[in-house]
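Just so it is clear: chains get the letters A, B, ... in the order the sequence lines come, proteins before strands, and each one is counted from 1.
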Number of protein chains: 2
Amino acid sequence: MPTIDDVAVKAQVSTATVSRALNGKSSVDPELAERVRRAAAELGYQPNGPARNLRRKTTATLSLIVPDVTHPFYASISRGFEDTARAAGYSVVLCNTDDDPDKERRYLEVARQECFAGVVMCPAPTATQIDDLTGPTTPVVTLDGACETHDRVLVDSRAAVERAAVHLISQGYQRLACVIEPACHTDTGRLAGFHRAHRAAGRADDGQVVVCRADGGPSDPYVMLTALLSDPAPPDALLVARHELAEGALRAIAERGLRLGADIGVVVFDDAPWLSLLRPAVSVVSRPAYAIGTTAARQVLARLTAKSNGVEDTALQADLIVRGSSIRVP
Amino acid sequence: MPTIDDVAVKAQVSTATVSRALNGKSSVDPELAERVRRAAAELGYQPNGPARNLRRKTTATLSLIVPDVTHPFYASISRGFEDTARAAGYSVVLCNTDDDPDKERRYLEVARQECFAGVVMCPAPTATQIDDLTGPTTPVVTLDGACETHDRVLVDSRAAVERAAVHLISQGYQRLACVIEPACHTDTGRLAGFHRAHRAAGRADDGQVVVCRADGGPSDPYVMLTALLSDPAPPDALLVARHELAEGALRAIAERGLRLGADIGVVVFDDAPWLSLLRPAVSVVSRPAYAIGTTAARQVLARLTAKSNGVEDTALQADLIVRGSSIRVP
DNA sequence: CTGTTAGCGCTTTCAA
DNA sequence: TTGAAAGCGCTAACAG
């Protein structure tokens with residue numbers, strides 16, 4: 001492995017000049033620069049990352065902390081994030097928390113120890129003292145989080161839920177149920193949209209609220225939905241406002257032999273290719289996952305150069321995509 | 001940020017002792033060790049990663065290079081990989097290549113510059129000179145690759161395809177088609193299993209082979225499958241031996257109004273929760289994606305400690321899961 | 001078992 | 001514009 005010294009000797013300049021020429025920071029005599037580049041190429045010189053990182057006190061690495069990359073929503077976010085981070089010359093370290101505050105803490109600790117340039121995270125429901133773990137220097141942006149102290153990228157899912165509920169009501173469905181996880185603060189926002197739609201329609205604000213937990217525990221979504229649908233007066237429309245619950249809900253509906261649209265109106269979070277393979281196809285609230293990733297990446301990167309003051313939020317819109325499952329055919 | 005020197009001063013020992021006590025490498029007097037730990041805790045000392053990495057000439061980072069993490073198959077692999085890497089104290093850098101040899105090259109270059117401890121990759125179809133980019137010291141394990149020069153983790157999908165074809169034949173389907181991407185070497189193995197099943201059944205070895213490209217280009221799977229199904233003598237069973245093609249194939253079938261199982265027998269790669277939501281549910285060849293990830297991680301990690309000689313392969317089995325789509329009901 | 005010391009390879013003042 | 005030189009913080013010989 002040739003070092004910068006080898007290059008310096010070969011190009012007959014000082015190491016400082018090599019560094020400058022190769023990084024293009026300060027101006028270097030074109031002729032010298034060329035000599036340096038040639039020497040580097042001939043030696044097959046590659047800068048040593050750790051040495052550079054030590055000296056610069058930072059790295060070209062970003063940490064992306066999500067609950068679980070096997071969820072398509074987070075997979076798309078990571079993809080968007082990696083694409084734009086990489087385009088800017090940054091590597092991304094992937095971290096799956098399973099919403100476990102301990103794992104989250106450890107990931108943040110690693111980010112600090114390794115001097116990562118920034119971190120983007122979906123905070124676990126339990127609040128963590130982020131700054132204690134990263135230092136106030138490291139930019140942190142949160143995704144869909146309750147965090148008041150850091151930049152956020154968020155989706156206006158409240159508005160999207162409202163539109164979905166309005167749509168369901170306009171289709172003539174009578175008893176809507178909203179399936180969420182109330183411990184999660186974003187879900188309370190969605191619930192607000194749900195209620196607002198009822199009020200706007202002049203309906204009693206009594207839309208049923210189904211509380212599910214997504215951990216497969218005692219209140220497994222499939223089990224709870226099955227129970228709900230067995231009710232003497234079951235809902236005739238479901239707004240599944242949580243992507244983790246969509247599949248279990250559809251499974252419960254399928255196993256009871258209910259026909260989407262005709263027997264029960266359904267809208268779920270989020271879109272996926274297979275949802276349009278079901279017959280009828282499933283209506284969705286689609287959040288722009290990839291764009292969330294790219295936006296978050298741009299936001300941390302921006303903090304790296306321009307230290308603006310105050311917290312900055314970016315809100316993205318979700319789309320309501322109406323397909324057969326929420327069209328009421330007699 | 002306190003450094004190791006601060007700790008040394010506070011604990012009234014040398015920096016070497018601090019390093020030893022905190023890393024547990026060499027034995028240290030228990031009393032001193034305790035003093036060091038306390039001093040470190042009181043100061044909130046965190047070791048500086050880049051400095052350590054520079055000194056050790058390696059990092060606790062692994063690179064995972066896959067085509068696209070938004071494919072559930074690769075998402076599960078990454079998850080398994082991250083889980084076991086993290087448990088061993090390693091971070092993982094995620095890299096999406098889109099099977100682009102250039103991106104692959106760049107990722108390998110970063111791995112070398114940053115002194116990553118190892119890399120696990122799904123090599124792009126085009127062969128890359130891996131060692132030139134990583135140095136012969138860095139362990140590399142390939143996934144599902146043609147690579148003869150490095151450790152491999154692979155799935156015996158040939159056997160699985162054979163079983164699937166046998167199953168389809170035993171159900172009485174007459175004209176099987178195997179949908180693959182022939183430029184990919186693993187697919188030729190699968191094709192061999194397909195042909196073997198025909199021979200074993202005493203059938204003419206003339207199973208149709210459908211050639212698809214997964215890039216959405218002129219031979220988009222959906223388009224090709226639609227064409228195939230419009231044939232005057234179309235196949236009555238499809239073995240979609242490539243996960244990227246499964247959704248397009250099912251879409252083509254659905255849009256032609258064919259009934260799974262009854263009109264056309266179908267088995268696809270790989271399993272996903274939604275495949276059992278379709279009616280009838282879809283039969284699959286299921287590869288153990290998560291286990292592939294964990295196995296690959298263990299393999300690189302093993303290379304890090306014990307430099308065995310020669311290339312080592314680990315083969316995992318795929319399961320045939322029969323559901324309604326390959327049951328021939330009249 | 002402990003301390004002293006020499007760097008790892010790079011960037012960046014500081015002078016020239 | 002260039003070079004000399006001082007470290008970044010840590011680990012690993014090497015001596016004691």
Using atom names, set out every protein N or O paired with an N or O of nucleotides 12-16 of chain C below 3.5 Å, distance rounded to 0.1 Å.
unit_1: C:dT12; atom_1: O4'; unit_2: A:Arg55; atom_2: NH2; d: 3.3

Would you say [X] reaches [N]'s phosphate, i.e. side-chain N/O to OP1/OP2 under 4.0 Å?
X	N	result
B:Lys57	C:dG9	yes
A:Thr3	C:dG9	no
A:Asn23	C:dT11	yes

Exercise. In chain order, what residues pass the side-chain contact (heavy atoms from CB on, under 4.5 Å) check against A:Thr17, with sequence neighbours excluded?
Worked result: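 Here the qualifying residues are A:Val13, A:Ser14, A:Arg20, A:Val28, A:Leu32.
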Problem set entry | Those residues that, when tested against A:Ser19, pass side-chain contact (heavy atoms from CB on, under 4.5 Å) (two or more places apart) |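 Residues passing side-chain contact (heavy atoms from CB on, under 4.5 Å) with A:Ser19: A:Ile4, A:Asn23.
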Rounded distance (Å) that lies between atom [atom2] of [N] and atom [atom1] of [X]:
X	N	atom1	atom2	result
A:Leu32	D:dT1	CG	P	11 Å
A:Gln46	C:dC10	CD	P	11 Å
A:Met1	C:dC8	CE	P	15 Å
A:Glu114	D:dC8	CD	C1'	15 Å
B:Gln12	C:dT2	CD	P	14 Å
A:Asp5	C:dG9	CG	P	8 Å
A:Asn53	D:dC10	CG	C1'	14 Å
A:Arg52	D:dC8	CZ	P	20 Å

Exercise. Any side-chain donor-acceptor pair under 3.5 Å between A:Ser91 and A:Arg86?
Worked result: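 Note: A:Ser91 and A:Arg86 side chains meet the donor-acceptor criterion.
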Exercise answer: donor-acceptor pairs, residues 40-47 of chain A side-chain atoms, under 3.5 Å, sequence neighbours excluded:
unit_1: A:Glu42; atom_1: OE1; unit_2: A:Lys10; atom_2: NZ; d: 3.3

Exercise. Which part of the nucleic acid, if any, lies within contact of B:Pro47, taking any heavy atom under 4.0 Å across all strands shown: a base, the sugar-phosphate backbone alone, or nothing?
Worked result: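 Sugar-phosphate contact only.
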Exercise. Taking the side chain of A:Asp29 as heavy atoms from C-beta outward, which of D:dC10, C:dT2, D:dT2 is closest to it?
Worked result: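 In terms of side-chain proximity for A:Asp29, the closest of D:dC10, C:dT2, D:dT2 is D:dT2.
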Exercise. Which residue, B:Pro30 or A:Leu54, contacts DNA chain C at a nucleotide closer to its 5' end, judged by nearest heavy atom?
Worked result: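 First, find each residue's nearest nucleotide; the 5'-ward one identifies B:Pro30.
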Problem set entry | Residue pairs passing the ring-ring contact (aromatic ring centres under 6.0 Å, His included) test where at least one lies in residues 85-141 of chain B, sequence neighbours excluded |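 Every candidate ring-ring contact (aromatic ring centres under 6.0 Å, His included) pair involving residues 85-141 of chain B fails, so no pair, neighbours aside, qualifies.
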Problem set entry | Validation row: A:Thr294, A:Asp83 side chains within 4.5 angstrom (heavy atoms) |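 A side-chain contact is absent here, since even the closest heavy-atom pair is not under 4.5 Å.
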Exercise. Who are the ring pair (Phe, Tyr, Trp, His ring centres under 6.0 Å) partners of A:Phe73, not counting sequence neighbours?
Worked result: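 With neighbours one apart ignored, the set is A:His243.
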